[in-house]
Peer 1: 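If you scroll down you'll find the structure; I have some questions about it.
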Amino acid sequence: VDTIEGDLEGLLSVSVTADGPRSFRVAIGGELDIGNVDVLEREIAAVLQPRPDRLVLDVSALRFADSSGIALWLRLARCVDEFELRDPSPLLRRVLATMGLTSTLRVRP
Amino acid sequence: MCTFPAERRSVTAARRFASVVLGESPGEVREAVELMVSELATNCIRHVDSGFEVIVHRSDDIIRVEVNDHGAGIPVMRSPGPEDANGRGLWIVDMLSDAWGVTPSPPSGKTVWFTLSTTRDAGPGSLSATDAIGGASSGGPPATAGGQHADNPSLGSGPAGVACAPMTVSCQPKVEDLFRRLRSDGDQRARAELVERFLPLARRLALRYMGAREPLDDLVQVASLGLVKAIDRYDPERGVAFASYAVPTILGELKRYFRDTGWAAHVPRGAQERALKVEGAQRRLTAKTGRPPTFTELAQYTELSVEDVLDALEAAASHHAVSLDTPREDDEGDAGSLGDAFGTIDPGFALVDAGASIGAAACELTEREREVLALRFVADWSQAQIAAQIGVSQMQVSRILRRSLDRMAQLMLAVP
(Lines give C-alpha, C1' and ligand atoms only; values in the text may rest on other atoms or scores of the structure.)
Protein backbone atom coordinates (compact mmCIF):
# COMPACT_ATOMS: atom_id res chain seq x y z
CA VAL A 1 0.00 0.00 0.00
CA ASP A 2 1.44 3.26 -1.15
CA THR A 3 0.34 6.50 0.44
CA ILE A 4 1.50 9.99 -0.24
CA GLU A 5 0.40 13.10 1.55
CA GLY A 6 0.81 16.57 0.16
CA ASP A 7 -0.20 20.13 0.60
CA LEU A 8 -0.68 22.04 -2.64
CA GLU A 9 -0.53 25.82 -2.71
CA GLY A 10 -1.58 25.92 0.92
CA LEU A 11 -5.22 25.29 0.00
CA LEU A 12 -5.39 21.70 -0.94
CA SER A 13 -4.41 18.45 0.63
CA VAL A 14 -4.11 15.21 -1.26
CA SER A 15 -3.65 11.67 -0.14
CA VAL A 16 -3.30 8.82 -2.58
CA THR A 17 -3.80 5.26 -1.46
CA ALA A 18 -3.26 2.21 -3.63
CA ASP A 19 -5.94 -0.23 -2.54
CA GLY A 20 -5.30 -2.87 -5.18
CA PRO A 21 -2.90 -3.66 -7.99
CA ARG A 22 -4.46 -1.20 -10.43
CA SER A 23 -6.84 0.57 -8.15
CA PHE A 24 -6.31 3.89 -6.40
CA ARG A 25 -8.14 6.01 -3.96
CA VAL A 26 -7.40 9.73 -4.03
CA ALA A 27 -8.76 11.86 -1.22
CA ILE A 28 -8.62 15.58 -1.66
CA GLY A 29 -9.44 18.19 0.90
CA GLY A 30 -9.46 21.96 1.00
CA GLU A 31 -10.47 24.17 -1.91
CA LEU A 32 -10.12 23.48 -5.60
CA ASP A 33 -10.17 26.21 -8.24
CA ILE A 34 -8.23 27.55 -11.23
CA GLY A 35 -5.36 28.47 -8.89
CA ASN A 36 -4.40 24.91 -7.99
CA VAL A 37 -6.23 22.60 -10.36
CA ASP A 38 -3.18 22.27 -12.65
CA VAL A 39 -0.87 21.40 -9.77
CA LEU A 40 -3.29 18.78 -8.53
CA GLU A 41 -3.66 17.28 -11.98
CA ARG A 42 0.13 16.99 -12.40
CA GLU A 43 0.46 15.49 -8.95
CA ILE A 44 -2.21 12.88 -9.55
CA ALA A 45 -0.85 12.05 -13.00
CA ALA A 46 2.64 11.51 -11.57
CA VAL A 47 1.37 9.15 -8.88
CA LEU A 48 -1.01 7.19 -11.07
CA GLN A 49 1.69 5.52 -13.17
CA PRO A 50 0.97 3.18 -14.78
CA ARG A 51 -2.60 4.21 -15.50
CA PRO A 52 -4.91 2.42 -13.05
CA ASP A 53 -8.14 0.66 -14.01
CA ARG A 54 -10.03 2.08 -11.12
CA LEU A 55 -9.89 5.49 -9.47
CA VAL A 56 -11.99 6.58 -6.54
CA LEU A 57 -11.90 10.30 -5.89
CA ASP A 58 -12.98 11.04 -2.37
CA VAL A 59 -14.03 14.67 -2.07
CA SER A 60 -15.74 14.46 1.32
CA ALA A 61 -13.10 16.76 2.81
CA LEU A 62 -13.24 19.21 -0.10
CA ARG A 63 -14.72 22.45 1.17
CA PHE A 64 -15.01 24.04 -2.25
CA ALA A 65 -14.73 23.23 -5.95
CA ASP A 66 -15.89 25.17 -8.98
CA SER A 67 -16.13 24.40 -12.68
CA SER A 68 -12.32 24.15 -12.91
CA GLY A 69 -12.53 21.25 -10.49
CA ILE A 70 -15.44 19.66 -12.31
CA ALA A 71 -13.45 19.88 -15.55
CA LEU A 72 -10.55 18.05 -13.90
CA TRP A 73 -12.82 15.28 -12.66
CA LEU A 74 -14.20 14.85 -16.14
CA ARG A 75 -10.69 14.53 -17.55
CA LEU A 76 -9.80 11.96 -14.89
CA ALA A 77 -13.01 10.01 -15.45
CA ARG A 78 -12.20 9.82 -19.13
CA CYS A 79 -8.79 8.22 -18.67
CA VAL A 80 -9.69 5.33 -16.36
CA ASP A 81 -12.12 2.49 -16.91
CA GLU A 82 -13.82 2.86 -13.60
CA PHE A 83 -14.17 6.23 -11.95
CA GLU A 84 -16.09 7.15 -8.86
CA LEU A 85 -16.68 10.51 -7.24
CA ARG A 86 -17.36 10.00 -3.60
CA ASP A 87 -19.21 12.33 -1.24
CA PRO A 88 -19.46 15.69 -2.98
CA SER A 89 -21.12 18.52 -1.02
CA PRO A 90 -24.88 19.02 -1.45
CA LEU A 91 -24.25 22.12 -3.58
CA LEU A 92 -21.83 20.29 -5.85
CA ARG A 93 -24.15 17.35 -6.06
CA ARG A 94 -26.93 19.65 -7.18
CA VAL A 95 -24.73 21.36 -9.76
CA LEU A 96 -23.55 18.01 -11.12
CA ALA A 97 -27.11 16.67 -11.25
CA THR A 98 -28.39 19.70 -13.13
CA MET A 99 -25.54 19.42 -15.59
CA GLY A 100 -26.37 15.78 -16.16
CA LEU A 101 -23.00 14.58 -14.90
CA THR A 102 -24.18 12.33 -12.08
CA SER A 103 -23.74 9.17 -14.10
CA THR A 104 -20.69 10.27 -16.09
CA LEU A 105 -18.81 10.91 -12.87
CA ARG A 106 -20.50 8.04 -11.04
CA VAL A 107 -21.34 10.18 -8.05
CA ARG A 108 -21.57 8.06 -4.86
CA PRO A 109 -23.37 7.61 -2.62
CA MET B 1 -15.78 46.75 -3.20
CA CYS B 2 -12.48 44.98 -3.56
CA THR B 3 -10.00 44.96 -6.44
CA PHE B 4 -8.05 41.90 -7.52
CA PRO B 5 -5.01 41.59 -9.82
CA ALA B 6 -4.94 39.47 -12.97
CA GLU B 7 -3.59 36.31 -11.45
CA ARG B 8 -5.04 32.92 -10.63
CA ARG B 9 -4.81 33.35 -6.89
CA SER B 10 -7.30 36.23 -7.19
CA VAL B 11 -10.09 33.76 -7.77
CA THR B 12 -9.66 32.31 -4.32
CA ALA B 13 -9.29 35.75 -2.80
CA ALA B 14 -12.44 37.08 -4.50
CA ARG B 15 -14.48 34.18 -3.23
CA ARG B 16 -13.16 34.65 0.30
CA PHE B 17 -14.02 38.33 0.11
CA ALA B 18 -17.62 37.61 -0.89
CA SER B 19 -17.91 35.01 1.82
CA VAL B 20 -16.66 37.41 4.48
CA VAL B 21 -19.08 40.14 3.38
CA LEU B 22 -21.95 37.67 3.59
CA GLY B 23 -20.82 36.36 6.95
CA GLU B 24 -24.29 36.41 8.49
CA SER B 25 -26.16 34.87 5.59
CA PRO B 26 -27.27 31.25 5.71
CA GLY B 27 -24.56 28.76 4.83
CA GLU B 28 -26.11 27.55 1.61
CA VAL B 29 -26.59 31.07 0.28
CA ARG B 30 -22.97 31.89 1.06
CA GLU B 31 -21.80 28.70 -0.61
CA ALA B 32 -23.76 29.44 -3.76
CA VAL B 33 -22.43 33.01 -3.90
CA GLU B 34 -18.87 31.77 -3.37
CA LEU B 35 -19.26 29.35 -6.23
CA MET B 36 -20.70 31.98 -8.57
CA VAL B 37 -18.04 34.55 -7.68
CA SER B 38 -15.41 31.90 -8.25
CA GLU B 39 -16.84 31.21 -11.72
CA LEU B 40 -17.04 34.86 -12.73
CA ALA B 41 -13.54 35.56 -11.42
CA THR B 42 -12.23 32.51 -13.26
CA ASN B 43 -13.73 33.87 -16.48
CA CYS B 44 -11.91 37.17 -15.95
CA ILE B 45 -8.59 35.38 -15.51
CA ARG B 46 -9.08 32.70 -18.11
CA HIS B 47 -10.77 34.56 -20.94
CA VAL B 48 -9.91 38.23 -20.68
CA ASP B 49 -6.72 38.04 -18.58
CA SER B 50 -7.78 41.08 -16.66
CA GLY B 51 -7.79 42.28 -13.11
CA PHE B 52 -11.28 42.73 -11.71
CA GLU B 53 -13.37 44.26 -8.95
CA VAL B 54 -15.98 42.51 -6.91
CA ILE B 55 -18.86 44.46 -5.41
CA VAL B 56 -21.30 42.81 -3.06
CA HIS B 57 -24.57 44.59 -2.24
CA ARG B 58 -26.80 43.17 0.37
CA SER B 59 -30.28 44.29 1.31
CA ASP B 60 -32.65 42.49 3.63
CA ASP B 61 -33.55 39.75 1.25
CA ILE B 62 -31.51 40.21 -1.93
CA ILE B 63 -27.82 39.78 -2.58
CA ARG B 64 -26.45 41.42 -5.68
CA VAL B 65 -22.88 40.77 -6.75
CA GLU B 66 -21.06 42.57 -9.56
CA VAL B 67 -17.78 41.53 -11.08
CA ASN B 68 -16.22 44.27 -13.22
CA ASP B 69 -13.31 43.64 -15.53
CA HIS B 70 -11.44 45.82 -17.97
CA GLY B 71 -10.90 43.36 -20.78
CA ALA B 72 -12.65 43.08 -24.09
CA GLY B 73 -15.16 40.39 -24.89
CA ILE B 74 -18.57 39.52 -23.61
CA PRO B 75 -19.12 36.19 -21.90
CA VAL B 76 -21.37 33.71 -23.61
CA MET B 77 -23.26 30.96 -21.89
CA ARG B 78 -22.57 27.76 -23.70
CA SER B 79 -24.34 24.47 -23.35
CA PRO B 80 -21.50 22.03 -22.99
CA GLY B 81 -22.10 18.40 -23.72
CA PRO B 82 -21.81 15.99 -20.79
CA GLU B 83 -18.20 15.25 -21.70
CA ASP B 84 -17.03 18.82 -22.21
CA ALA B 85 -14.61 19.97 -19.59
CA ASN B 86 -14.97 23.72 -20.11
CA GLY B 87 -17.69 26.24 -20.65
CA ARG B 88 -19.63 25.57 -17.49
CA GLY B 89 -18.95 28.76 -15.58
CA LEU B 90 -21.89 30.91 -16.65
CA TRP B 91 -24.05 27.84 -16.70
CA ILE B 92 -23.49 27.48 -13.00
CA VAL B 93 -24.29 31.17 -12.45
CA ASP B 94 -27.43 30.74 -14.50
CA MET B 95 -28.41 27.72 -12.49
CA LEU B 96 -27.84 29.14 -9.03
CA SER B 97 -28.80 32.80 -9.38
CA ASP B 98 -32.27 34.32 -9.56
CA ALA B 99 -31.10 36.59 -12.35
CA TRP B 100 -27.87 37.57 -14.02
CA GLY B 101 -26.75 39.80 -16.81
CA VAL B 102 -23.89 41.55 -18.52
CA THR B 103 -23.48 45.30 -18.90
CA PRO B 104 -20.65 46.62 -21.07
CA SER B 105 -18.73 49.45 -19.40
CA PRO B 106 -17.04 51.71 -21.97
CA PRO B 107 -14.36 52.17 -23.13
CA SER B 108 -13.57 48.52 -22.53
CA GLY B 109 -14.65 46.02 -19.98
CA LYS B 110 -17.94 44.89 -18.58
CA THR B 111 -19.91 44.13 -15.48
CA VAL B 112 -21.31 40.69 -14.95
CA TRP B 113 -23.88 40.73 -12.17
CA PHE B 114 -26.15 38.26 -10.49
CA THR B 115 -28.78 38.42 -7.79
CA LEU B 116 -29.86 35.86 -5.27
CA SER B 117 -32.73 36.08 -2.86
CA THR B 118 -32.00 35.05 0.69
CA THR B 119 -35.53 34.80 2.02
CA ARG B 120 -36.49 31.57 0.36
CA ASP B 121 -35.67 28.45 2.23
CA ALA B 122 -34.30 26.93 -0.94
CA GLY B 123 -32.74 28.13 -4.16
CA PRO B 124 -34.48 28.11 -7.54
CA GLY B 125 -33.35 24.60 -8.30
CA SER B 126 -32.62 23.26 -4.86
CA LEU B 127 -31.52 19.73 -4.26
CA SER B 128 -34.94 18.61 -3.17
CA ALA B 129 -36.59 20.03 -6.26
CA THR B 130 -34.00 18.49 -8.52
CA ASP B 131 -34.60 15.12 -7.00
CA ALA B 132 -38.32 15.52 -7.34
CA ILE B 133 -37.96 16.05 -11.07
CA GLY B 134 -36.32 12.69 -11.28
CA GLY B 135 -32.62 13.34 -11.25
CA ALA B 136 -32.81 16.10 -13.89
CA SER B 137 -30.13 14.35 -15.83
CA SER B 138 -30.58 16.44 -18.92
CA GLY B 139 -30.10 19.73 -17.17
CA GLY B 140 -33.16 21.04 -18.93
CA PRO B 141 -35.45 23.51 -17.28
CA PRO B 142 -37.96 21.95 -14.91
CA ALA B 143 -40.80 22.95 -17.19
CA THR B 144 -43.14 20.19 -16.13
CA ALA B 145 -42.98 21.27 -12.55
CA GLY B 146 -44.18 24.72 -13.47
CA GLY B 147 -47.79 23.73 -13.33
CA GLN B 148 -48.44 23.74 -9.66
CA HIS B 149 -47.62 27.23 -8.63
CA ALA B 150 -50.12 29.34 -6.74
CA ASP B 151 -50.81 31.24 -9.94
CA ASN B 152 -51.48 27.94 -11.49
CA PRO B 153 -51.28 27.80 -15.29
CA SER B 154 -52.43 24.24 -15.68
CA LEU B 155 -55.25 24.63 -13.17
CA GLY B 156 -54.50 21.39 -11.43
CA SER B 157 -55.02 19.20 -14.45
CA GLY B 158 -51.41 18.22 -15.08
CA PRO B 159 -50.66 14.80 -13.66
CA ALA B 160 -46.89 15.33 -13.94
CA GLY B 161 -46.84 18.22 -11.53
CA VAL B 162 -48.82 16.67 -8.73
CA ALA B 163 -46.06 14.63 -7.15
CA CYS B 164 -43.70 17.54 -6.71
CA ALA B 165 -46.24 20.23 -6.01
CA PRO B 166 -45.09 21.07 -2.47
CA MET B 167 -41.51 21.38 -3.64
CA THR B 168 -42.11 23.69 -6.54
CA VAL B 169 -44.23 26.10 -4.60
CA SER B 170 -41.39 26.80 -2.27
CA CYS B 171 -38.57 26.96 -4.76
CA GLN B 172 -39.96 28.77 -7.78
CA PRO B 173 -39.87 32.53 -7.95
CA LYS B 174 -43.37 33.94 -7.79
CA VAL B 175 -45.01 35.14 -10.96
CA GLU B 176 -45.28 38.68 -9.57
CA ASP B 177 -41.57 38.66 -8.79
CA LEU B 178 -40.76 37.54 -12.30
CA PHE B 179 -42.85 40.39 -13.70
CA ARG B 180 -41.20 42.85 -11.37
CA ARG B 181 -37.79 41.70 -12.58
CA LEU B 182 -38.87 41.91 -16.19
CA ARG B 183 -40.42 45.38 -15.87
CA SER B 184 -37.84 47.07 -13.68
CA ASP B 185 -34.58 45.43 -14.77
CA GLY B 186 -35.52 44.22 -18.24
CA ASP B 187 -34.42 40.80 -17.05
CA GLN B 188 -34.82 38.53 -20.06
CA ARG B 189 -34.40 35.44 -17.98
CA ALA B 190 -37.51 36.33 -16.06
CA ARG B 191 -39.37 36.73 -19.34
CA ALA B 192 -38.12 33.36 -20.56
CA GLU B 193 -39.14 31.76 -17.31
CA LEU B 194 -42.62 33.27 -17.53
CA VAL B 195 -43.01 31.97 -21.07
CA GLU B 196 -41.83 28.57 -19.99
CA ARG B 197 -44.10 28.47 -17.02
CA PHE B 198 -47.25 29.42 -18.90
CA LEU B 199 -46.63 27.37 -22.02
CA PRO B 200 -48.80 24.54 -20.68
CA LEU B 201 -51.65 27.03 -20.44
CA ALA B 202 -51.16 28.14 -24.05
CA ARG B 203 -51.05 24.54 -25.14
CA ARG B 204 -54.21 23.70 -23.28
CA LEU B 205 -56.06 26.60 -24.88
CA ALA B 206 -54.76 25.55 -28.31
CA LEU B 207 -56.15 22.07 -27.71
CA ARG B 208 -59.63 23.57 -27.47
CA TYR B 209 -59.40 24.53 -31.11
CA MET B 210 -58.00 21.29 -32.30
CA GLY B 211 -59.87 19.94 -35.30
CA ALA B 212 -59.11 18.51 -38.68
CA ARG B 213 -58.73 21.94 -40.16
CA GLU B 214 -55.48 23.18 -38.63
CA PRO B 215 -52.53 21.11 -37.39
CA LEU B 216 -52.15 21.20 -33.62
CA ASP B 217 -48.55 22.36 -33.87
CA ASP B 218 -49.67 25.48 -35.67
CA LEU B 219 -52.31 26.16 -33.05
CA VAL B 220 -49.81 25.74 -30.24
CA GLN B 221 -47.52 28.12 -32.07
CA VAL B 222 -50.27 30.73 -32.35
CA ALA B 223 -51.24 30.29 -28.71
CA SER B 224 -47.60 30.62 -27.65
CA LEU B 225 -47.31 33.86 -29.60
CA GLY B 226 -50.42 35.06 -27.82
CA LEU B 227 -48.77 34.16 -24.53
CA VAL B 228 -45.67 36.18 -25.39
CA LYS B 229 -47.87 39.15 -26.30
CA ALA B 230 -49.73 38.78 -23.03
CA ILE B 231 -46.47 38.71 -21.08
CA ASP B 232 -45.22 41.83 -22.83
CA ARG B 233 -48.45 43.74 -22.36
CA TYR B 234 -49.51 42.63 -18.91
CA ASP B 235 -49.50 45.40 -16.35
CA PRO B 236 -49.08 43.97 -12.84
CA GLU B 237 -50.21 47.32 -11.37
CA ARG B 238 -53.77 46.66 -12.46
CA GLY B 239 -54.14 44.03 -9.77
CA VAL B 240 -55.40 41.32 -12.10
CA ALA B 241 -53.77 37.89 -11.92
CA PHE B 242 -51.66 37.22 -14.98
CA ALA B 243 -53.58 34.09 -15.93
CA SER B 244 -56.86 36.03 -16.05
CA TYR B 245 -55.24 38.43 -18.47
CA ALA B 246 -53.42 35.80 -20.49
CA VAL B 247 -56.38 33.51 -21.20
CA PRO B 248 -58.47 36.02 -23.19
CA THR B 249 -55.37 37.31 -24.95
CA ILE B 250 -54.38 33.85 -26.09
CA LEU B 251 -57.94 32.94 -27.07
CA GLY B 252 -58.17 36.18 -29.02
CA GLU B 253 -54.99 35.32 -30.86
CA LEU B 254 -56.36 31.87 -31.74
CA LYS B 255 -59.67 33.30 -32.95
CA ARG B 256 -57.93 35.92 -35.04
CA TYR B 257 -55.81 33.20 -36.55
CA PHE B 258 -58.89 31.27 -37.60
CA ARG B 259 -60.58 34.36 -38.92
CA ASP B 260 -57.58 35.52 -40.94
CA THR B 261 -55.78 32.43 -42.04
CA GLY B 262 -58.30 29.64 -41.65
CA TRP B 263 -59.55 30.53 -45.12
CA ALA B 264 -57.70 29.52 -48.23
CA ALA B 265 -59.13 32.43 -50.20
CA HIS B 266 -60.06 35.87 -49.00
CA VAL B 267 -63.74 35.86 -48.11
CA PRO B 268 -65.56 39.00 -46.95
CA ARG B 269 -66.46 39.09 -43.30
CA GLY B 270 -70.23 38.92 -43.89
CA ALA B 271 -69.90 35.94 -46.19
CA GLN B 272 -67.70 34.21 -43.59
CA GLU B 273 -70.36 34.61 -40.96
CA ARG B 274 -73.12 33.36 -43.27
CA ALA B 275 -70.90 30.43 -44.24
CA LEU B 276 -70.47 29.43 -40.60
CA LYS B 277 -74.20 29.77 -40.04
CA VAL B 278 -75.09 27.63 -43.04
CA GLU B 279 -72.48 25.01 -42.18
CA GLY B 280 -73.91 24.77 -38.68
CA ALA B 281 -77.42 24.48 -40.08
CA GLN B 282 -76.27 21.75 -42.43
CA ARG B 283 -74.93 19.70 -39.54
CA ARG B 284 -77.99 20.17 -37.36
CA LEU B 285 -80.49 19.44 -40.12
CA THR B 286 -78.57 16.38 -41.24
CA ALA B 287 -78.59 15.11 -37.68
CA LYS B 288 -82.30 15.79 -37.36
CA THR B 289 -83.53 14.27 -40.63
CA GLY B 290 -80.83 11.75 -41.35
CA ARG B 291 -80.15 13.13 -44.82
CA PRO B 292 -78.39 16.20 -46.22
CA PRO B 293 -80.81 19.15 -46.26
CA THR B 294 -81.92 20.76 -49.51
CA PHE B 295 -81.04 24.37 -50.26
CA THR B 296 -84.62 25.44 -49.59
CA GLU B 297 -84.57 23.76 -46.19
CA LEU B 298 -81.28 25.45 -45.38
CA ALA B 299 -82.71 28.81 -46.44
CA GLN B 300 -85.77 28.33 -44.22
CA TYR B 301 -83.70 27.21 -41.27
CA THR B 302 -81.16 30.04 -41.51
CA GLU B 303 -83.73 32.65 -42.59
CA LEU B 304 -81.56 33.53 -45.56
CA SER B 305 -82.54 33.59 -49.22
CA VAL B 306 -81.67 30.55 -51.33
CA GLU B 307 -79.20 32.79 -53.22
CA ASP B 308 -77.44 33.65 -49.98
CA VAL B 309 -77.33 30.00 -48.96
CA LEU B 310 -75.65 29.09 -52.24
CA ASP B 311 -73.21 31.97 -51.82
CA ALA B 312 -72.47 30.88 -48.27
CA LEU B 313 -71.83 27.29 -49.33
CA GLU B 314 -69.43 28.52 -51.97
CA ALA B 315 -67.65 30.66 -49.38
CA ALA B 316 -67.48 27.72 -46.99
CA ALA B 317 -65.79 25.71 -49.72
CA SER B 318 -62.93 28.20 -49.70
CA HIS B 319 -61.90 26.99 -46.27
CA HIS B 320 -60.14 24.30 -48.15
CA ALA B 321 -58.14 24.74 -51.30
CA VAL B 322 -57.22 21.92 -53.62
CA SER B 323 -53.67 21.94 -54.90
CA LEU B 324 -53.15 22.46 -58.60
CA ASP B 325 -50.62 19.68 -58.34
CA THR B 326 -53.20 17.13 -57.22
CA PRO B 327 -52.64 14.03 -59.36
CA ARG B 328 -55.39 13.45 -61.86
CA GLU B 329 -56.08 11.03 -64.69
CA ASP B 330 -57.73 12.37 -67.82
CA ASP B 331 -60.22 10.54 -70.05
CA GLU B 332 -57.51 8.87 -72.08
CA GLY B 333 -55.95 7.50 -68.90
CA ASP B 334 -52.95 9.85 -69.05
CA ALA B 335 -51.68 10.83 -65.63
CA GLY B 336 -51.21 14.51 -64.93
CA SER B 337 -52.04 17.10 -62.36
CA LEU B 338 -55.25 19.02 -61.79
CA GLY B 339 -53.54 22.15 -63.07
CA ASP B 340 -53.05 20.55 -66.52
CA ALA B 341 -56.78 20.42 -67.01
CA PHE B 342 -57.21 24.17 -66.74
CA GLY B 343 -57.32 26.19 -69.92
CA THR B 344 -55.18 29.28 -70.39
CA ILE B 345 -55.88 32.52 -72.23
CA ASP B 346 -54.46 32.17 -75.74
CA PRO B 347 -53.10 35.56 -76.88
CA GLY B 348 -53.37 34.34 -80.52
CA PHE B 349 -57.17 34.84 -80.52
CA ALA B 350 -56.84 38.45 -79.46
CA LEU B 351 -54.23 38.91 -82.14
CA VAL B 352 -56.59 37.66 -84.86
CA ASP B 353 -59.25 40.06 -83.61
CA ALA B 354 -56.84 43.01 -83.55
CA GLY B 355 -55.45 42.02 -86.94
CA ALA B 356 -58.91 42.16 -88.53
CA SER B 357 -59.63 45.60 -87.06
CA ILE B 358 -56.25 46.98 -88.10
CA GLY B 359 -56.68 45.61 -91.62
CA ALA B 360 -60.01 47.37 -91.98
CA ALA B 361 -58.66 50.62 -90.60
CA ALA B 362 -55.51 50.50 -92.71
CA CYS B 363 -57.63 50.53 -95.86
CA GLU B 364 -58.61 54.09 -95.00
CA LEU B 365 -54.98 55.28 -95.06
CA THR B 366 -53.04 56.58 -98.06
CA GLU B 367 -50.51 54.46 -99.91
CA ARG B 368 -47.60 56.37 -98.40
CA GLU B 369 -48.97 56.16 -94.86
CA ARG B 370 -49.38 52.40 -95.21
CA GLU B 371 -45.83 52.08 -96.55
CA VAL B 372 -44.36 54.11 -93.67
CA LEU B 373 -46.32 52.12 -91.11
CA ALA B 374 -45.23 48.81 -92.65
CA LEU B 375 -41.58 49.83 -92.76
CA ARG B 376 -41.71 51.04 -89.16
CA PHE B 377 -43.73 48.31 -87.49
CA VAL B 378 -43.39 45.29 -89.74
CA ALA B 379 -39.84 45.68 -91.03
CA ASP B 380 -38.83 47.46 -87.85
CA TRP B 381 -36.83 50.14 -89.59
CA SER B 382 -35.80 53.33 -87.78
CA GLN B 383 -37.43 56.62 -88.71
CA ALA B 384 -34.13 57.82 -90.26
CA GLN B 385 -33.91 54.71 -92.50
CA ILE B 386 -37.51 55.21 -93.65
CA ALA B 387 -36.80 58.88 -94.36
CA ALA B 388 -33.86 57.95 -96.61
CA GLN B 389 -35.93 55.29 -98.42
CA ILE B 390 -38.91 57.47 -99.31
CA GLY B 391 -36.98 60.71 -99.69
CA VAL B 392 -38.40 62.89 -96.94
CA SER B 393 -36.95 64.19 -93.66
CA GLN B 394 -37.01 62.12 -90.47
CA MET B 395 -39.21 64.85 -88.95
CA GLN B 396 -41.80 64.21 -91.63
CA VAL B 397 -41.68 60.45 -91.07
CA SER B 398 -42.41 61.07 -87.43
CA ARG B 399 -45.35 63.31 -88.33
CA ILE B 400 -46.72 60.73 -90.82
CA LEU B 401 -46.51 57.99 -88.22
CA ARG B 402 -48.25 59.98 -85.55
CA ARG B 403 -51.01 61.15 -87.91
CA SER B 404 -51.69 57.70 -89.34
CA LEU B 405 -51.72 56.02 -85.96
CA ASP B 406 -54.16 58.64 -84.62
CA ARG B 407 -56.44 58.11 -87.57
CA MET B 408 -56.37 54.34 -87.24
CA ALA B 409 -57.14 54.62 -83.55
CA GLN B 410 -60.12 56.84 -84.28
CA LEU B 411 -61.36 54.47 -86.99
CA MET B 412 -61.00 51.40 -84.83
CA LEU B 413 -62.78 53.02 -81.89
CA ALA B 414 -65.57 54.18 -84.15
CA VAL B 415 -66.25 50.63 -85.37
CA PRO B 416 -68.67 48.98 -82.96
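A, B, ... follow the sequence lines: proteins, then strands. Residue 1 opens every chain.
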Peer 1: Just so I know, are the side chains of B:Arg46 and A:Ser68 near enough to count as touching, which here means a heavy-atom distance under 4.5 Å?
Peer 2: yes

Peer 1: Could you look at A:Ala77 and say if it's the side chain, the backbone, both or neither that has a heavy atom under 4.5 Å from chain B?
Peer 2: neither

Peer 1: Side-chain contact test, heavy atoms from C-beta onward, threshold under 4.5 Å: evaluate it for A:Leu91 versus B:Leu96 and give yes or no.
Peer 2: yes

Peer 1: Where do A:Asp33 and B:Arg15 come nearest, in terms of heavy atoms and distance?
Peer 2: OD2-NH1, 2.6 Å

Peer 1: Checking side-chain contact (heavy atoms from CB on, under 4.5 Å) between A:Asp66 and each of B:Leu35, B:Val37, B:Ile92, which is the one that passes?
Peer 2: B:Leu35

Peer 1: Partners of B:Arg16 by salt bridge (Lys or Arg N to Asp or Glu O under 4.0 Å), sequence neighbours excluded?
Peer 2: A:Glu31

Peer 1: Using non-hydrogen atoms only, which part of B:Glu7 is less than 4.5 Å away from chain A: side chain, backbone, both, or neither?
Peer 2: neither

Peer 1: Applying salt bridge (Lys or Arg N to Asp or Glu O under 4.0 Å), name anything that partners B:Arg180, two or more places apart in sequence or on another chain.
Peer 2: B:Asp177

Peer 1: Looking at CZ of A:Arg94 and CE of B:Met95, how far apart are the two atoms once the value is rounded to the nearest 0.5 Å?
Peer 2: 8.0 Å

